[in-house]
Trainee: 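Let me give you the structure first, and then I'll get to my questions.
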There are 2 protein chains.
Amino acid sequence: MATVTRLPHPDMSEVRLTDVLFALSDPARLEIVRELADGPLSMAECGATNPALPKSTKSHLMKVLREAGVVRNEPDGRRRVLSLRRAELDETFPGLLDSVLGSAPPTTPANRDG
Amino acid sequence: MATVTRLPHPDMSEVRLTDVLFALSDPARLEIVRELADGPLSMAECGATNPALPKSTKSHLMKVLREAGVVRNEPDGRRRVLSLRRAELDETFPGLLDSVLGSAPPTTPANRDG
DNA sequence: ATCACGGTTCAAGTATTGTCGAACCATGGC
DNA sequence: GCCATGGTTCGACAATACTTGAACCGTGAT
């Protein structure tokens, strides 16, 4: 019976700006988003910055990002592919992602995000 | 001895992107920021949306915004004037404030921000 | 079928945030 | 001086959020 491999994703119409901002307001989550900005990654590939992170923790971070409408999480064999919902976000919150991703990445003068 | 009427404000160099995002990720705080986008307001004038809000709560919201570098809080007689640190924010996080303020204000189709 | 793998979910403890009354503190007006 | 006003800070409690091990679940390989 109806297995659950397909996780629920909010429609953009029910995504609130504050939820997106909250999802991006955590350094670990923001780092993940930065990684995904270059293209989809599997769970295992993702989080290069934080290799020691327990998988349950990483899974939880992803859940927050997913429920906020920031990230898509789709099954692919026995892996899962994470991807930024960039086009949809750009349409719903124009310029937001660009400005967040454009702002002072990790290794910057004052390390502004992390 | 050294009275405290002048509250501490972080220099932009020590403001982290994630802190700004966090400050903006609360509907009540975001609403305040929206009000201040039209110009400075005193504490009392501000928060028109939430008139019943206890003053200690409002003061706390302001503290979070101030400590995140989003807002300035300066004494003016026996009032305090709140203002957006817009120019500084624009310089440090180009486009961020614009996109946040531009995105779907309160009374919008799906009420996207809480 | 069995097993290892990649990942999610559960549960429980910890930590961080939010809320708000009460006390306090400058200031301006009288 | 004294008082009202506008606002901050403190303290205590409620509510969220974070972290993590353990259990569980599909899938692919053997």
Side-chain angles (χ1 to χ4, degrees), chain A residues 1-9 16 18-32 36 40-68 70-83 114, chain B residues 1-9 16 18-32 36 40-68 70-83 114:
Chain A
M1 58 280 279
T3 45
V4 208
T5 77
R6 209 126 214 144
L7 273 46
H9 291 75
R16 290 178 311 163
T18 47
D19 294 335
V20 174
L21 293 175
F22 181 82
L24 299 176
S25 75
D26 176 72
R29 289 194 297 255
L30 181 54
E31 181 52 36
I32 290 172
L36 293 179
L41 291 174
S42 71
M43 207 70 175
E45 295 163 331
C46 206
T49 331
N50 233 342
L53 204 64
K55 57 181 181 173
S56 58
T57 304
K58 201 192 320 189
S59 190
H60 177 67
L61 294 176
M62 290 302 184
K63 184 183 186 186
V64 174
L65 286 169
R66 174 172 50 82
E67 291 180 339
V70 176
V71 145
R72 201 174 286 284
N73 182 340
E74 290 180 308
D76 170 38
R78 62 178 154 180
R79 313 182 314 158
R80 275 166 183 287
V81 173
L82 288 311
S83 55
Chain B
M1 58 283 282
T3 44
V4 207
T5 76
R6 209 128 215 142
L7 273 46
H9 292 74
R16 291 179 310 166
T18 47
D19 293 336
V20 174
L21 294 175
F22 180 81
L24 298 176
S25 75
D26 177 72
R29 287 192 299 255
L30 181 53
E31 180 54 35
I32 289 172
L36 293 180
L41 290 174
S42 72
M43 207 70 175
E45 295 163 332
C46 205
T49 330
N50 234 342
L53 203 65
K55 57 181 182 172
S56 56
T57 303
K58 202 192 318 189
S59 190
H60 178 67
L61 294 177
M62 290 302 184
K63 184 183 185 186
V64 175
L65 287 169
R66 174 171 51 83
E67 291 179 337
V70 175
V71 145
R72 200 174 286 284
N73 182 339
E74 289 180 310
D76 171 36
R78 61 179 155 183
R79 315 182 313 158
R80 273 167 184 287
V81 174
L82 288 311
S83 55

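Numbered from 1 within each chain, the chains take letters A, B, ... in sequence-line order.
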Trainee: Let me know, please, whether A:R29 or A:R78 comes out on the 5' side of the other along DNA chain D by nearest nucleotide.
Mentor: A:R29
Trainee: Using a cut-off of less than 4.0 Å, is there contact between a side-chain N or O of B:N73 and OP1 or OP2 of D:dG7?
Mentor: no
Trainee: Below 3.5 Å between N/O atoms, which protein atoms pair up with nucleotides 19-22 of chain C? Just atom names and distances, please.
Mentor:
residue: C:dG21; atom: N7; partner: B:S56; partner atom: OG; Å: 3.1
residue: C:dG21; atom: O6; partner: B:S56; partner atom: OG; Å: 3.2

Trainee: When all nucleic acid strands are considered with a 4.0 Å heavy-atom cut-off, which category describes B:D76: base, sugar-phosphate, or nothing?
Mentor: nothing
Trainee: Round to a whole Å and report the spacing from CZ of A:R6 to C1' of C:dG7.
Mentor: 15 Å
Trainee: Taking atom P of D:dC18 as reference, at what distance in whole Å does atom CE of A:M62 sit?
Mentor: 14 Å
Trainee: Could you state the NZ-P distance from A:K63 to D:dT20, rounded to the nearest angstrom?
Mentor: 17 Å
Trainee: Given atom CG of B:L65 and atom P of C:dG18, what is their separation to the nearest angstrom?
Mentor: 10 Å
Trainee: Between A:N73 and A:H9, is there a side-chain heavy-atom distance shorter than 4.5 Å?
Mentor: yes
Trainee: Please state how far atom CD1 in B:I32 lies from atom C1' in D:dG7, giving the value in whole angstrom units.
Mentor: 14 Å
Trainee: With A:V70, which residues qualify under side-chain contact (heavy atoms from CB on, under 4.5 Å), at least two apart?
Mentor: A:V20, A:A23, A:L24, A:V33, A:L65, A:A68, A:L84, A:L89
Trainee: Who pairs with B:R72 by side chain to side chain donor-acceptor pair (under 3.5 Å), at least two apart in sequence or on another chain?
Mentor: B:E88
Trainee: Side-chain contact, heavy-atom cut-off 4.5 Å: B:E31 with B:N50?
Mentor: no
Trainee: Run the side chain to side chain donor-acceptor pair (under 3.5 Å) test against B:S42 and tell me which residues pass, sequence neighbours left out.
Mentor: B:E45
Trainee: Whole angstrom is fine here: how far is it from CG in B:D19 over to P in C:dT16?
Mentor: 14 Å
Trainee: Compute the angle between the rotation axes at the two ends of the helix from C:dA1-D:dT30 to C:dC30-D:dG1, each taken over five pairs, rounded to 10 degrees.
Mentor: 20°
Trainee: A:K58 NZ to C:dT8 C1': how many Å, rounded?
Mentor: 13 Å
Trainee: For B:E67 and D:dT8, what is the distance between atoms CD and C1' respectively, to the nearest whole Å?
Mentor: 12 Å
Trainee: Hey, are the side chains of A:E74 and A:P40 touching, using non-hydrogen atoms and a 4.5 Å cut-off?
Mentor: no
Trainee: State which residues pass side-chain contact (heavy atoms from CB on, under 4.5 Å) with B:K55; sequence neighbours excluded, sorted by chain then number.
Mentor: none
Trainee: Flag the pair B:L82 / B:R66 as yes when at least one side-chain heavy-atom distance between them is below 4.5 Å, and no otherwise.
Mentor: no
Trainee: Should A:D26 and A:V64 count as side-chain neighbours, where that means a heavy-atom distance under 4.5 Å?
Mentor: no
